[in-house]
Protein chains: 2
Amino acid sequence: MQTKDLIKGTLNTIILNLLKEHGQMYGYEITQEVKRKTDGKILIREGSLYPALHKLLADGMVMTEEVLVGRRSRIYYKLTSKGHEQTIEQTTELLGFLDTVALLIYPDKKLANG
Amino acid sequence: MQTKDLIKGTLNTIILNLLKEHGQMYGYEITQEVKRKTDGKILIREGSLYPALHKLLADGMVMTEEVLVGRRSRIYYKLTSKGHEQTIEQTTELLGFLDTVALLIYPDKKLANG
DNA sequence: AAAAATACATAGACTGTCGATACATAGACA
DNA sequence: TGTCTATGTATCGACAGTCTATGTATTTTT
């Protein structure tokens with residue numbers, strides 16, 4: 001198994017949490033921030049990120065603002081109020097799941113709650 | 001997002017760890033044990049489990065033994081030595097990933113190492 | 001001038017899990 | 001006797017999410 005198989009189901013939550021932390025980010029910035037924070041352990045590809053962002057937009061979780069930098073455009077994403085709610089919900093669920101998995105792997109131990 | 005999306009990439013590791021703990025298990029037993037241990041939070045379906053077990057078998061991670069109970073057959077699975085190695089490897093990787101995700105979600109915190 | 005980084009995007013393939021379904025035995029209960 | 005539930009293995013088709021590969025264009029670095 002490779003890390004790429006593990007990211008499934010967590011990418012959305014990761015993106016939402018980054019947006020929550022930073023206020024607003026653009027796509028390329030997200031890939032770099034994830035790379036930086038994880039010391040290159042998690043690399044988010046464009047082919048994963050942009051479809052995910054577009055879906056978040058379509059679902060009303062984020063809103064966008066296009067900004068021209070020189071002649072190149074950046075599309076900033078930030079959470080809607082619905083997105084804020086979802087962030088909390090999904091994060092809670094993710095942490096609960098991680099805890100449950102830990103239970104299965106280490107019968108007598110629990111991961112610390114964040 | 002639902003829990004079912006999160007299980008992706010972790011099912012294999014969960015199965016391997018259960019086999020490591022129990023020595024040998026049969027399919028139905030695995031579904032019930034996961035259900036029991038997680039208070040019903042994680043339900044492994046037949047459509048997920050058996051393909052996974054068959055793949056583990058094909059990959060040489062587990063070996064099987066068929067046992068007749070009454071007139072009904074049970075297929076017990078247990079780890080091969082290769083499977084033991086993989087269990088450790090995958091578990092290490094999974095825990096590392098969980099830790100990395102936690103880093104992304106809680107910038108200043110780390111999950112306890114099990 | 002060439003290369004690398006920045007910045008967006010999509011198409012197609014892959015793969016893992018799920019829902020539904022199937023078959024059969026066993027035990028409980030009406 | 002008939003039916004319901006639990007036990008037990010198994011497969012098929014659908015679906016969704018991620019990846020690889022590719023594309024376009026600008027900006028910065030060498």
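Protein chains get the first letters and strands the later ones, always in sequence-line order, with residue 1 at the start of each.
Across all strands, A/L11 comes closer than 4.0 Å only to sugar-phosphate atoms, never to a base (heavy-atom distances).
Counting to the nearest Å, the P atom of C/dA7 and the CD atom of A/Q24 are 14 Å from each other. Going from atom CD1 of A/I14 over to atom P of D/dG17 covers 15 Å, rounded to whole Å. Taking atom CD1 of A/I15 as the reference point, atom C1' of D/dG17 lies 12 Å away to the nearest angstrom. When rounded to the nearest whole Å, the span between CG of A/L49 and P of C/dC8 equals 8 Å. If you take CZ of A/R71 and P of D/dT26, they are 6 Å apart, rounded to a whole angstrom. Distance CG (B/L53) to P (C/dG16): 14 Å, rounded to an integer number of Å. Straight-line distance from the CD1 atom of A/I44 to the P atom of C/dC8: 14 Å, rounded to whole Å. The separation between A/L6 atom CG and C/dG16 atom P is 12 Å, rounded to whole Å.
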Protein heavy-atom contacts under 4.0 Å, written 5' to 3' over nucleotides 6-16 of chain D as B (base), S (sugar-phosphate only) or - (none), form the string BBSBBB-----
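Under 4.0 Å is where a charged nitrogen must lie from a carboxylate oxygen, and between A/R36 and A/E33 at least one such pair does.
By the salt bridge (Lys or Arg N to Asp or Glu O under 4.0 Å) test, B/R71 pairs with no residue at all, sequence neighbours left out.
Between the side chain of A/T80 and the main chain of A/M61, a donor-acceptor pair closer than 3.5 Å is present. Remark: the backbone N or O of A/L95 is not paired with any side-chain donor or acceptor of A/D99 at under 3.5 angstrom.
A donor and an acceptor atom, one from each side chain of B/E29 and B/H22, are nowhere located under 3.5 Å apart.
The one candidate from B/L11, B/I88, B/T87 that meets the side-chain contact (heavy atoms from CB on, under 4.5 Å) condition with B/L16 is B/T87.
For C/dT17, neither phosphate oxygen OP1 nor OP2 lies less than 4.0 angstrom from any side-chain nitrogen or oxygen of B/R45.
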